[in-house]
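Just so it is clear: chains get the letters A, B, ... in the order the sequence lines come, proteins before strands, and each one is counted from 1. What's counted below: heavy atoms across the whole structure, side chains too, no hydrogens, waters or symmetry copies.
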Number of protein chains: 2
Amino acid sequence: MDLPTTKDRILDAAERLFGDRGFADTSLRTITAEAGANLAAVNYYFQSKDALIQAVFARRLGPLNQERMDMLDACEARAGDGPLLIEDVLRAFLEPAFKVGHERASTFGRLLGRMYIDPGDIFERIFREQFGATKVRFLGAFRRALPELPPEEMFWRMHFLIGALAHTMAGLHHLKVTSEGLCDASNPETVLKRLIPFLAAGFRAPVPQGDTPCDAN
Amino acid sequence: MDLPTTKDRILDAAERLFGDRGFADTSLRTITAEAGANLAAVNYYFQSKDALIQAVFARRLGPLNQERMDMLDACEARAGDGPLLIEDVLRAFLEPAFKVGHERASTFGRLLGRMYIDPGDIFERIFREQFGATKVRFLGAFRRALPELPPEEMFWRMHFLIGALAHTMAGLHHLKVTSEGLCDASNPETVLKRLIPFLAAGFRAPVPQGDTPCDAN
DNA sequence: AATTGAATCATACGAACGTTTCAATCGAAC
DNA sequence: GTTCGATTGAAACGTTCGTATGATTCAATT
């Protein structure tokens, strides 16, 4: 077995530290110290800190979205000409994310969650490049699973889905503290078993129209 | 009418800039420049940057959680000894958040969303101090609205709720771009009309047990 | 008119940052 | 054994950061 290269050690350390402390609060000196590399190695292998951030994401996001596509392919092949089950589409979207999060001891999960919140052109570009095709593909699948849902409502519900996913991945520690240890997310399947039915029910909810369903004034 | 004081102008500028760029990427010099104040004013009125961050949150979170409690009081008074409607509890939790977000042109909304993601002891303390009582109170209300839900499942679903809320508030711009302008969130009621039914259906979903509902292997 | 205390100001300090430079080191090819 | 490109190393660059200091302004009070 080969020892991991300096480049990989830097990527590993950056992934972990970025997830723990955020991007602005993680210095290249901290990263290289943890990686056992020289400070200049970052600018040697990558060109800048921004490029390092992009590389950290690109390493995981490519395979992750590929696995999502593969699972969706299998779903659609199984469905044939029949309808698509919303639970299957949700699982194709969620399971790869939680699996990569779990393999990496959830460090990359926090990173993913952070990307949706953090500002800056860097993340908007990462988002477009890495998620563009995935978004189009899953939008079609969701439409096929719930054809009666108006397009606008579909966007809203996908937005809620992203939120639940990002916060669940980023804040599993929060949950363990809040529930006083009752909720344990050490196994990805445990999370999916609860998240998928919750979201599926939300997606199947009747479309709200006209006035508000409840007002507390 | 009085002009806003220097202290308030600093809080306003900090709120906006923290929401736009994050905490680490916003310097005190940028804040004081936007506020039309001197750099030293921050350390004069507040003691440090961390204390300024806390002050920014404290100014909004107190009234926000108070309004949540008030709305929940009204819900429970209306319900009497009868059951509590999950939609009412959700609205009491969500509406004040979206209203303060909307009044502030959604700048504080992004801030709130960011707080759940950003690391650091500062936010954990803010979270405990500001949301402790609210959490306990709403946990009870959710239990009363859905008494058949096991405690562990309830924690999970509240976790998903927080995620959908935080990401919806923080990423309304994302949604507008992704939906190509189809989804507009300029009115808080528009968001609530879609978020509450989605979440209510998720909370009412049957409790998952045993094996997984769907596997794509 | 003199005094006081809060508020604002220009300025400087030390530390940490991303980045750059250039010499030292290493392994493989000739 | 020498050469050469790839990699690593130590040190410094200029910048920006949060914070601290001491002078100055100014309205209210004596």
Side-chain angles (χ1 to χ4, degrees), chain A residues 1-59 111 114-115 118-123 125-126, chain B residues 1-59 111 114-115 118-123 125-126:
Chain A
M1 61 163 237
D2 297 338
L3 291 177
T5 66
T6 300
K7 193 173 177 178
D8 283 328
R9 293 203 317 277
I10 291 176
L11 283 172
D12 289 337
E15 180 176 288
R16 202 184 69 76
L17 289 165
F18 283 154
D20 278 350
R21 321 181 185 183
F23 303 101
D25 283 327
T26 301
S27 70
L28 297 183
R29 285 169 174 83
T30 309
I31 294 172
T32 50
E34 168 135 341
N38 190 271
L39 170 62
V42 170
N43 286 74
Y44 176 74
Y45 287 108
F46 316 90
Q47 290 80 357
S48 64
K49 186 180 183 179
D50 278 3
L52 171 63
I53 295 176
Q54 285 188 253
V56 167
F57 277 102
R59 183 171 63 149
L111 252 194
R114 193 183 301 284
M115 192 183 59
D118 252 301
D121 315 320
I122 317 154
F123 297 101
R125 193 166 74 238
I126 293 178
Chain B
M1 62 168 243
D2 296 339
L3 290 175
T5 67
T6 299
K7 192 173 178 179
D8 283 329
R9 292 202 317 276
I10 291 176
L11 282 172
D12 289 338
E15 181 175 287
R16 204 183 68 76
L17 289 165
F18 283 154
D20 279 349
R21 320 183 185 182
F23 303 102
D25 283 327
T26 301
S27 70
L28 297 183
R29 285 168 175 82
T30 309
I31 293 173
T32 50
E34 168 136 341
N38 191 270
L39 170 61
V42 170
N43 284 309
Y44 176 74
Y45 287 107
F46 317 89
Q47 289 81 1
S48 64
K49 186 180 182 180
D50 278 3
L52 171 63
I53 295 176
Q54 287 188 252
V56 167
F57 277 102
R59 183 170 63 148
L111 251 193
R114 193 183 299 285
M115 191 184 60
D118 251 301
D121 314 320
I122 317 155
F123 298 101
R125 193 167 72 239
I126 292 178

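Residues meeting the side chain to side chain contact (heavy atoms under 4.5 Å, CB included) test with A/Thr32, sequence neighbours left out: A/Leu39, A/Val42.
Contacts classified as side-chain hydrogen bond (donor to acceptor under 3.5 Å, both in side chains) and involving residues 34-47 of chain A (residues at least two apart or in different chains) are given here: A/Arg16-A/Glu34.
Between B/Phe57 and B/Phe123, the ring planes lie perpendicular to each other; the angle is over 60°, past the 30° to 60° tilted range.
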Self-check item: Candidate pair A/Leu111 and A/Phe23, rule side chain to side chain contact (heavy atoms under 4.5 Å, CB included), full reasoning
Solution: CA-CA 9 Å; A/Leu111 252 194; A/Phe23 303 101; 3.3 Å; yes
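A donor-acceptor pair is defined here as one N or O able to donate and one able to accept, closer than 3.5 Å; such a pair exists between the side chain of B/Thr26 and the backbone of B/Gly22.
The interatomic distance linking B/Tyr45 (OH) with C/dC9 (P) rounds to 10 Å, in whole Å. Straight-line distance from the OH atom of A/Tyr44 to the C1' atom of D/dT8: 9 Å, rounded to whole Å.
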Quiz prompt | Contact letters for nucleotides 9-22 of chain D, in which S counts primed atoms plus P, OP1 and OP2 and B counts the base, heavy atoms under 4.0 Å | solution = BB-B----BBBBB-
